[in-house]
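One is the number of the first residue; the rest follow in order along the sequence. Fair warning: this is a prediction, and the values are worked out from it, not measured in the lab.
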Amino acid sequence: RACVTQKDVRKIIDVFPDFVKDAVSTGEKINLIGFMTFEKIDVKERSGVSKMGEEDKPWTVPAHSEIKVTLSKNYRQL
């Protein structure tokens, strides 16, 4: 069994968000077995009307990609 120091863990935690973003942006799915999964999803354009006061204001969210995070069953059922 390898010994991992707190300093090593801190280094891993510091680079983890950038690692996930870079890997998922290329279409890679990251599965941390028993914990969570990260994957890229494409979101379609949405639009609607905001009812603010007497004037309705139309809005639009353009199509884009997002990172979807899915917790494993172990963590969804606490």
Just how far is it from atom [atom1] of [X] to atom [atom2] of [Y], taken to the nearest 0.5 Å?
{"X": "L71", "Y": "F35", "atom1": "CG", "atom2": "CZ", "result": "7.0 Å"}
{"X": "K29", "Y": "N31", "atom1": "NZ", "atom2": "CG", "result": "6.5 Å"}
{"X": "I30", "Y": "T37", "atom1": "CD1", "atom2": "OG1", "result": "10.0 Å"}

E45 atom CD, neighbour heavy-atom count above 12 within 6.0 Å: yes
Residues, nucleotides or ligands: over 12 heavy atoms within 6.0 Å of I33 CD1: no
Could you pull out the closest heavy-atom pair between [X] and [Y], with the gap in Å?
{"X": "M36", "Y": "V69", "value": "SD-CG1, 3.8 Å"}
{"X": "V49", "Y": "W59", "value": "N-NE1, 3.5 Å"}
{"X": "V24", "Y": "K40", "value": "CG1-N, 3.3 Å"}
{"X": "D22", "Y": "S25", "value": "O-OG, 2.8 Å"}

Donor-acceptor under 3.5 Å (S72 side chain, G34 main chain):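 Side chain of S72 to backbone of G34: a pair is present.
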D8 and T5 side chains, donor-acceptor separation under 3.5 Å: yes
Contact check, side chains of K44 and R46, non-hydrogen atoms, under 4.5 Å: no
Connected via hydrophobic side-chain network under 4.5 Å: F19 and I67: yes
Joint cluster assignment, V9 & F16, ILVMFWY side-chain distance < 4.5 Å: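 V9 does not cluster with F16.
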